Amino acid sequence: MNATAVILSGPKELALGQLELNAPGDDDIVVDVSHSGISTGTEKLFWDGRMPPFPGMGYPLVPGYEATGEVVEAGRGTNLIPGDRVFVPGANCYEGAFGLFGGASSRLVTAANRAVKIDSTLGAEGALLALAATARHSMAGLDKAMPELIVGHGVLGRLLARLTIAAGAPAPTVWEIDPARRTGAKGYEVNDPETDGRRDYRTIYDASGAPDVLNQLNGRIVKGGEVVLAGFYPGDITFGFVPAFMKEARLR
């Protein structure tokens with residue numbers, strides 16, 4: 001069984017190619033992929049060669065951990081049937097290529113317990129499940145506060161803002177430096193950080209992935225405030241100790 005997949009042969013070496021798939025077992029499903037997302041965080045780092053050492057990394061690789069599609073074959077040990085719509089967080093099922101993260105393929109084979117059955121009406125939005133889970137996990141749990149400020153209005157920043165409102169919390173402020181990405185807000189405002197004079201945020205969620213953002217954010221929190229690193233950072237994160245010390249800043 002073969003599939004057409006996105007193959008990264010090396011940094012900035014991207015093409016479509018044919019790959020042979022591993023044979024499915026009794027606990028596996030075969031999925032015809034209809035939509036696959038592209039992460040501008042992790043996968044962009046693979047593309048340009050800046051990804052730090054990562055488990056299972058190597059070239060050639062098939063990217064994509066945000067995929068949705070239809071089950072076309074299901075093993076006897078699964079609880080899915082052909083025709084079910086599922087979200088698949090990638091797959092490692094390719095001969096001659098690493099499955100990191102393995103969802104950017106026309107067809108894939110994966111263990112059924114890694115797939116999540118979803119509503120068939122979600123369409124392309126079904127591929128957002130992994131990012132929605134990332135946003136939710138950063139907000140939920142003990143001793144976690146809802147964001148008052150969200151930095152970055154990409155997909156993750158938008159999900160964080162909408163989940164905040166859905167949870168019944170006050171609408172957060174969102175910063176975005178790119179004017180083209182300030183549109184699409186629903187129930188909250190997106191501003192240029194230069195126009196925001198507030199310096200008493202209790203909780204700031206960073207979804208920008210900028211490694212040098214902490215100095216700016218530590219200056220915007222109230223004493224004892226928290227900064228949550230919800231992005232993906234390609235290099236070491238550094239910040240000035242004294243301003244953070246004076247604010248008794250907390251980092252999560």
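Predicted, not measured: the structure shown is a model, and the values here were computed from it.
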Taking [X] for its side chain and [Y] for its backbone only, find out whether a donor-acceptor pair lies under 3.5 Å.
{"X": "R136", "Y": "L159", "answer": "no"}
{"X": "R250", "Y": "G224", "answer": "yes"}
{"X": "R220", "Y": "R198", "answer": "yes"}
{"X": "D196", "Y": "P193", "answer": "no"}
{"X": "Y94", "Y": "G102", "answer": "yes"}

Q) At what distance, to the nearest 0.5 angstrom, does CZ of F232 lie from OG1 of T134? A) 11.0 Å
Are the side chains of [X] and [Y] in touch, meaning some heavy atoms are under 4.5 Å apart?
{"X": "R202", "Y": "I221", "result": "no"}
{"X": "V6", "Y": "P63", "result": "yes"}
{"X": "W47", "Y": "I38", "result": "no"}
{"X": "V71", "Y": "I29", "result": "yes"}
{"X": "R85", "Y": "L122", "result": "no"}
{"X": "L217", "Y": "W175", "result": "yes"}
{"X": "R181", "Y": "R158", "result": "yes"}
{"X": "T203", "Y": "M146", "result": "no"}

Which heavy atom of [X] sits nearest a heavy atom of [Y], and at what distance?
{"X": "A244", "Y": "F239", "result": "CB-CE1, 3.8 Å"}
{"X": "T238", "Y": "L214", "result": "O-CB, 4.3 Å"}
{"X": "L160", "Y": "A207", "result": "CD1-CB, 4.2 Å"}
{"X": "L131", "Y": "L156", "result": "O-CD1, 3.8 Å"}

Are [X] and [Y] connected, step by step, through hydrophobic side chains (Ile, Leu, Val, Met, Phe, Trp, Tyr) whose heavy atoms are closer than 4.5 Å?
{"X": "L80", "Y": "L108", "result": "yes"}
{"X": "V72", "Y": "I118", "result": "no"}
{"X": "L163", "Y": "V174", "result": "yes"}
{"X": "V62", "Y": "V88", "result": "yes"}

Q: Indicate whether the side chain of T4 and that of Q18 have a donor and an acceptor atom separated by less than 3.5 Å.
A: yes
Q | Polar contact flag, side-chain donor to acceptor under 3.5 angstrom, T164-Y188 | A | no
Q: State plainly whether the residues E176 and R182 are in salt-bridge range, i.e. N to O under 4.0 Å.
A: no
